[in-house]
Every structure is written in C-alpha cells, then in structure tokens.
There are 2 protein chains.
Amino acid sequence: MTRKSGGASRSTIRDVALRAGVSASTVSRVLGGAYPVSSATRTRVMRAVRDLDYVADARAKAVAGVGTPTLAFVLEDITGPSFAHMAHGVEREATRLGHLCLVCSTEGDVQHELDFVEMMRAQRAAAVILVGGSADTPEYRERTRRMADSLASAGSRLVLCGRPPLGPGAPVTVIEYDNEGGAYALVAHVLAQGHRRILFLGGKPDHTTALGRERGYLAAHRARGVDADPALLLHGDFTRDSGHRLMRQALAAELEFTAVVAATDMVAAGALTALHEAGLNVPGDVSLAGYDDIPFARDLHPALTTVHVPYEELGRLAVRTALGRTAETRAEHLLLGTHVVVRDSVRAVE
Amino acid sequence: MTRKSGGASRSTIRDVALRAGVSASTVSRVLGGAYPVSSATRTRVMRAVRDLDYVADARAKAVAGVGTPTLAFVLEDITGPSFAHMAHGVEREATRLGHLCLVCSTEGDVQHELDFVEMMRAQRAAAVILVGGSADTPEYRERTRRMADSLASAGSRLVLCGRPPLGPGAPVTVIEYDNEGGAYALVAHVLAQGHRRILFLGGKPDHTTALGRERGYLAAHRARGVDADPALLLHGDFTRDSGHRLMRQALAAELEFTAVVAATDMVAAGALTALHEAGLNVPGDVSLAGYDDIPFARDLHPALTTVHVPYEELGRLAVRTALGRTAETRAEHLLLGTHVVVRDSVRAVE
DNA sequence: ATGAAAGCGCTAACAA
DNA sequence: TTGTTAGCGCTTTCAT
C-alpha cells in the first residue's frame with residue numbers, strides 16, 4: 001500500500017535523525033538551540049531538516065514538558081466593537097508574551113461557554129479569559145466559581161474581563177472598568193446642561209454592564225436631587241437595532257424627554273437614526289449621549305458625546321495579570337477608570 | 001518536600017486508575033465512550049474522575065492520535081469591522097465542525113505572519129486561513145506559495161480568504177469576493193446619477209482589495225465613456241482616519257468633484273465627517289458612497305449607499321472548503337458576489 | 001471485562 | 001560531542 005493520499009505524512013524527528021545519520025537526541029539538541037554540538041553534525045542535521053521541511057510536533061513537545069504556552073479567551077461575539085478591542089488587546093499581549101491564543105464565541109450560550117472552558121482545561125491553557133458582561137445571578141456565581149476552581153486545580157487561571165466578580169476567595173482575577181462611575185459622570189454632565197427628563201436606553205435588565213450604567217444614571221439623578229422617572233428607563237440589548245427600536249417606541253409612546261443616554265454607542269447610533277427618521281434634530285431638539293467611545297462615535301452626526309473605556313488596555317492588562325502570577329488561590333480585583341468625552345451631541349437646554 | 005505551590009499539579013490518568021483500583025487502560029476505556037466495561041467499574045472510575053476533577057490532557061491525546069483538530073486564522077487587525085465579521089464566520093463554522101480555533105493578529109507584519117504559520121505547522125493545524133487583502137507582489141506569491149507547500153506537506157491546508165490567489169498549481173484554497181465587480185456596479189450607479197467627477201478615496205496603492213475596487217471605478221468610467229481624472233484618485237489606507245485626512249486634503253487642494261466613492265465604509269465615515277466640518281451637505285452638495293456595508297453604515301447621516309459584502313459567509317465558506325477536502329494538491333478558487341445597497345448618500349446631479 | 005506492554009513524537013538524564 | 005534509555009500522558013493492541 002502506498003502513502004496515505006493527501007500528502008507526505010509529516011516527518012518525525014527520527015526521519016531527520018536517520019537522514020542525517022545521527023540519533024534523535026542529537027537532532028533535538030541541534031534544534032533546541034544552545035547545546036554543545038559539533039558544527040559538522042549541526043550542518044548535516046540542519047540540512048536534513050531543510051530537506052524534509054521538518055517542524056517538531058508542538059503537542060509532543062508539550063507532553064514532554066516544553067510546550068508553547070496557550071491562553072484562551074471567550075467572548076459573546078467578536079463583532080461588537082468593544083469586544084473586538086478587548087480581544088485585540090488580549091491577543092496582542094498574549095502574543096507578545098509568547099503565548100498562543102485560542103478563541104471562542106459563545107453567542108451567549110452558557111453551555112457552550114462551559115464546554116469550551118472544559119476544553120481549555122484539557123489543553124492545559126495557562127489562563128482562560130472570559131470577556132464581557134453577564135447576568136450576575138447566584139447561578140452565574142456558582143457556575144463561574146466552579147470553573148475557577150477546576151481551572152485553578154489544573155494549574156490554570158480564570159480571568160474575568162469586564163465581567164462580574166465572584167464572592168471573595170474564588171481563585172479568579174477580575175479586571176473591570178467603572179460602568180457606574182462613567183455613567184454617573186456622563187449623566188451628571190447631561191443634567192448640568194439643564195436636562196431634567198433623560199431617556200435611558202439600557203441593555204438586558206440583568207446584565208451587569210447595563211446594570212452598572214443604569215445605576216450610574218440613577219445615582220447622578222439622586223446626587224442632583226432630580227427625580228428619575230421610571231418610565232424613562234427602557235431595556236433592550238447592546239445592538240444598533242435595539243437602539244433604533246427602543247427609540248421608535250419611545251417616540252411612538254410620546255414619552256417626554258429632552259435628552260437620551262444610550263447604554264452603548266451602538267445603541268446610540270440606532271437611536272440617532274430613529275430620531276432623524278422622526279424629523280428630530282440632534283442636539284437641537286434632543287440631546288444624545290453614548291457609552292464606549294468606539295472610533296465610529298466621532299463620525300455620527302453630530303459627533304457623539306460618550307464615555308471612553310480603555311478596552312484594549314483592559315485586554316492587555318487581563319493577560320498580564322493572568323500570566324504574571326502563579327496559579328495561587330489569591331483573588332485579585334482591578335478597576336479601571338473611564339472618562340467622559342464631550343463632543344457635539346449634548347446641548348444645554350434653553 | 002511538599003506539592004509545588006500554585007495548586008495541585010493536575011492529576012493524570014494513573015492517579016484516577018489508582019484511586020479507582022483499576023488500570024490506566026480501563027480508565028481510558030471508560031472515558032473513551034463505547035467500549036465494554038462493567039458498569040461497576042465504570043461507576044468507580046467515574047467517581048474517581050469526579051473526585052479528582054480529572055480531564056485528559058488534550059496534547060497527550062493528540063500525540064496518541066486522537067486529538068481535537070485545530071484550525072488557525074490570521075488577520076491584520078480584528079478591530080476592523082469587515083475583518084471582525086470574517087473572523088466571526090470562521091470561528092463559528094470551525095466550532096460547529098468541532099475544531100479549536102487559534103488566532104493571530106499580524107498588525108501587517110509579514111515576518112510575524114510567517115512565524116505564526118510555522119507555529120501552526122508545528123501544531124499540526126488542519127488548516128490555516130489567511131484573512132484580508134495584501135500587496136500582490138512576486139515576493140508575496142513566492143512567500144505565500146512556500147507557506148502553502150510546507151503546510152500541504154505537513155498534511156495541512158492553506159486558505160486565502162479575500163487575499164490574492166497564487167499562480168496555478170499551488171495547494172491553496174482561495175475564497176474571494178468580487179471587489180472589481182462591486183466597485184464597478186457602485187460607480188456605475190453614481191455615474192448614472194449624472195456625476196462626472198468622482199473622487200476616489202482608495203487604500204494602499206498595491207493592496208489587492210483596494211486595487212480591485214479601484215479597477216472597478218476605472219472600468220465603470222470607461223464603460224460609460226467618461227474620462228477618469230487621475231488627480232481624483234487618492235491613496236491612503238482603510239481606516240476612518242485615512243478617510244478624514246484624505247477628504248480634508250482634497251478639499252484643501254480645491255479638487256473639483258461632485259461625488260466621493262470611498263474604498264471602505266470606514267473611510268467613508270471619516271470623509272463624511274470632514275465634509276461636514278467643511279460645511280458641506282451630503283448629498284446636497286456632494287454625494288458619497290462606501291464599500292463593505294458594515295452595520296454602522298445605516299447610521300451615518302445620510303445613510304450610506306454602499307456595496308454589500310457577505311463577510312461572515314466568506315469566513316464560513318473558507319472553513320468549510322478547507323476542512324471539506326483532503327490535503328490534496330488541487331487548487332480551488334471561489335468568487336463570491338456582492339451587490340450595491342442604495343441608501344441616501346448619493347443624489348442625482350441637477 | 002480487564003491488565004500489561006508497546007507506541008505516539010519529543011526531551012532529558014545518564015553514560016560513554 | 002554523541003548515543004542509549006527512560007520518561008511525558010495517553011490510546012491501543014494483545015493477552016488473559
């Protein structure tokens with residue numbers, strides 16, 4: 001029987017050894033770098049390597065204890081701009097640190113997330129980074145804590161990046177940014193412009209990111225002694241379409257408001273279009289603000305006032321923190337700051 | 001001496017065997033699934049597995065010949081919306097097909113790309129997908145062809161997704177979308193509205209994606225018997241900032257034009273802002289069109305006329321094609337169609 | 001139904 | 001400087 005169709009089955013270290021007329025260990029040593037090898041053999045070996053186009057099997061090396069370390073990250077959907085920026089940070093930093101990067105989109109499916117983490121445990125990933133908000137239910141904590149424990153017991157580490165922290169003592173690293181603080185500052189800014197009825201276009205009611213921003217909205221009202229009308233708090237998700245739909249509903253319901261604060265820039269974008277479609281001028285008739293400061297925010301018309309979140313830095317930091325530590329049980333919690341970026345979409349009320 | 005600090009070093013199949021009072025092979029069989037094992041031992045083994053929170057080392061399994069297949073993809077920057085959509089398609093499809101997904105951003109660095117592909121060869125990845133345009137130089141073909149060959153000889157396959165094909169005979173799969181055709185249709189549409197001087201905001205002069213779109217622009221002019229003024233062809237890159245800058249330059253140089261076609265929606269976004277900043281009305285004073293049809297395009301004001309590219313489908317298809325074939329030497333080339341999406345940013349000239 | 005042993009491709013400790 | 005041998009953690013014959 002001839003060779004398996006579909007290409008020369010890859011050559012092994014023994015093939016190389018044979019061809020170079022040396023032992024496998026010698027080949028290993030030559031390839032391994034700094035090791036005393038006579039330059040004659042070295043040349044012969046290298047030639048054989050080149051001839052055979054040989055690369056050592058990384059998995060086998062891993063088993064033998066000298067593998068390329070791997071890092072995994074999990075997110076809902078790489079398509080969301082803020083996710084993409086976090087992912088970018090994670091990937092860049094991981095690569096910089098010599099790690100391979102495994103990704104997984106869960107599409108919001110919890111079981112999928114669980115399965116993937118299990119695979120990563122099997123892969124002996126150095127760390128698993130869970131990116132993006134989530135509902136903070138007891139079930140979430142329970143489940144995530146179990147992940148953290150089993151990862152830790154496998155010598156790996158769980159990192160939550162922009163995701164709710166667990167109780168104390170869980171072996172996780174949490175890197176968050178201040179949703180509540182950012183929203184507080186933003187809404188305070190809007191209130192300072194004289195607005196008193198501010199529509200809030202939120203995300204899923206139990207999603208921590210959305211929730212934090214909502215809390216900031218409420219807190220700012222309280223701090224200014226303004227009553228926040230509950231009717232002005234709408235819920236959807238973080239997509240452009242959600243913003244569009246919610247805005248239309250608000251308009252159709254003839255809700256009264258002079259300003260709109262959207263939970264994300266994407267939501268704001270959809271809302272802006274709905275506003276335009278209704279013949280309203282922004283910020284002439286109604287002010288609008290977003291959250292995230294994605295690059296596109298500048299190109300909306302008017303340019304969107306929003307809150308800047310250092311997403312890429314967040315990702316980088318997550319990796320550095322995760323890899324910078326031994327898999328000790330100590331928990332860790334970092335909170336990154338955000339700041340308001342004032343552009344043209346919010347105007348003082350007359 | 002006690003355990004290595006930093007967590008119980010992961011347990012092996014032998015630990016499980018010991019605890020269950022069976023041999024390693026039995027554990028393997030139980031975990032392996034369909035194999036005759038007495039339900040008594042099965043229970044004992046499973047219990048030990050649970051107690052130890054054991055997961056078989058995927059790398060070791062791989063060496064033994066039963067690994068999870070892996071697929072890798074490489075792109076310049078996940079942050080670009082169209083890249084992100086391709087990436088999403090790739091990841092979803094790969095996962096669906098039971099493959100692990102490795103990613104790498106090259107940031108445009110060729111050496112980085114080469115290094116990464118080499119790693120993937122070492123990982124015995126089933127396929128490597130290169131995503132996104134590139135300069136189509138002889139050096140590119142040479143280098144890429146070498147990748148393709150060495151991947152093929154390792155039983156793996158190279159896929160070019162939206163990237164220039166190599167000469168005939170190279171063991172690659174190419175999935176492209178029709179840049180020239182899309183641009184042709186778009187520019188023909190703009191010309192049909194009576195515009196005769198159309199500014200083109202292009203990408204890097206040698207980048208195939210940019211080039212294809214430029215060719216379409218030119219071809220449409222030719223077809224309509226309109227002379228395309230070379231002064232109207234500007235070059236930059238695919239970012240929002242590039243569009244912004246180029247547009248400002250064009251305005252400052254007092255170039256004459258009644259319409260602008262941007263090489264991507266991101267470029268169009270930047271250009272739109274520059275136009276607004278200059279006090280120009282779109283499409284009243286000047287018409288504008290983009291390319292890619294990213295979700296955001298609808299939320300620009302006016303909503304952007306553009307060319308729809310099935311990016312996600314492109315990614316999925318790339319994976320399916322790559323995995324659907326044995327690593328035979330046969331080349332393959334698929335070309336996906338695009339279509340113009342007419343919105344509000346192009347108006348007939350009076 | 002189960003265990004012992006060989007082997008996957010590699011590295012490393014030990015000899016020579 | 002180099003080869004031999006013993007692992008790494010797993011699967012899979014081959015016996016029993």
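The figures that follow rest on heavy atoms only: side chains count, while hydrogens, waters and symmetry mates do not. Please read these numbers as outputs of a predicted model, since none were measured by experiment. Reminder, nothing fancy here: chain letters follow the sequence lines and each chain counts from 1.
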### Query
Which part of the nucleic acid, if any, lies within reach of B:Val66 when heavy atoms closer than 4.0 Å are counted: base, sugar-phosphate only, or nothing?
sugar-phosphate
### Query
Base, sugar-phosphate, or nothing: which does B:Arg59 touch, judged by heavy atoms less than 4.0 Å apart?
nothing
Mind listing the N/O atom pairs, protein and nucleotides 1-4 of chain C, below 3.5 Å?
{"unit_1": "C:dT2", "atom_1": "OP1", "unit_2": "B:Ser38", "atom_2": "OG", "d": "3.2"}
{"unit_1": "C:dT2", "atom_1": "OP1", "unit_2": "B:Thr41", "atom_2": "OG1", "d": "2.9"}
{"unit_1": "C:dT2", "atom_1": "OP2", "unit_2": "B:Ser38", "atom_2": "N", "d": "3.0"}
{"unit_1": "C:dT2", "atom_1": "OP2", "unit_2": "B:Thr41", "atom_2": "OG1", "d": "2.8"}
{"unit_1": "C:dG3", "atom_1": "OP2", "unit_2": "B:Ser23", "atom_2": "N", "d": "2.9"}
{"unit_1": "C:dG3", "atom_1": "OP2", "unit_2": "B:Ser23", "atom_2": "OG", "d": "3.0"}
{"unit_1": "C:dG3", "atom_1": "OP2", "unit_2": "B:Thr26", "atom_2": "OG1", "d": "2.5"}
{"unit_1": "C:dG3", "atom_1": "N7", "unit_2": "B:Arg29", "atom_2": "NH2", "d": "2.6"}
{"unit_1": "C:dG3", "atom_1": "O6", "unit_2": "B:Arg29", "atom_2": "NH1", "d": "3.2"}
{"unit_1": "C:dG3", "atom_1": "O6", "unit_2": "B:Arg29", "atom_2": "NH2", "d": "3.4"}
{"unit_1": "C:dA4", "atom_1": "N6", "unit_2": "B:Ser25", "atom_2": "OG", "d": "3.1"}

### Message
Considering only residues two or more places apart or on different chains, which pairs with a residue in residues 116-136 of chain B satisfy salt bridge (charged side-chain N to carboxylate O under 4.0 Å, His left out)?
### Response
A:Asp53-B:Arg121, A:Asp57-B:Arg124, B:Glu118-B:Arg121, B:Asp136-B:Arg141
### Task
Show your working on side-chain contact (heavy atoms from CB on, under 4.5 Å) between A:Val103 and A:Ile78 and close with a plain yes or no.
CA-CA 10 Å; A:Val103 243; A:Ile78 190 69; 5.8 Å; no
### Query
Hey, is the main chain of A:Val319 close enough, under 3.5 Å, to the side chain of A:Glu93 for a donor-acceptor pair?
no
### Query
If we fit an axis to the first five pairs and another to the last five of the helix from C:dA1-D:dT16 to C:dA16-D:dT1, what angle do they make, to the nearest 10°?
40°
### Task
Report yes if at least one side-chain N or O of B:Ser28 is closer than 4.0 Å to OP1 or OP2 of D:dT11; otherwise report no.
yes
### Message
Need to verify one output field. Residue with the more 5' nearest nucleotide on DNA chain D, A:Ala40 or B:Thr12?
### Response
A:Ala40
### Message
Output the rounded distance in Å from CZ (B:Arg124) to C1' (C:dC10).
### Response
11 Å
### Task
State whether A:Lys61 places a side-chain N or O below 4.0 Å from either non-bridging phosphate oxygen (OP1 or OP2) of C:dT11.
yes
### Query
Where is the tightest heavy-atom contact between B:Pro165 and B:Leu160, given as atom of each residue plus distance?
CA-CD1, 4.4 Å
## Note on the structure
Ranking D:dC10, C:dC8, D:dC8 by distance to the side chain of A:Ala64, first place goes to D:dC8
### Task
Please report the C-alpha distance between A:Arg92 and A:Glu312 in whole Å, then the side-chain angles of each, then the deciding distance to 0.1 Å, and finally whether the salt bridge (charged side-chain N to carboxylate O under 4.0 Å, His left out) criterion is met.
CA-CA 9 Å; A:Arg92 297 307 304 143; A:Glu312 176 143 356; over 6 Å; no
### Message
Between P on D:dG3 and CD1 on A:Ile13, what's the gap in Å once rounded to a whole number?
### Response
12 Å
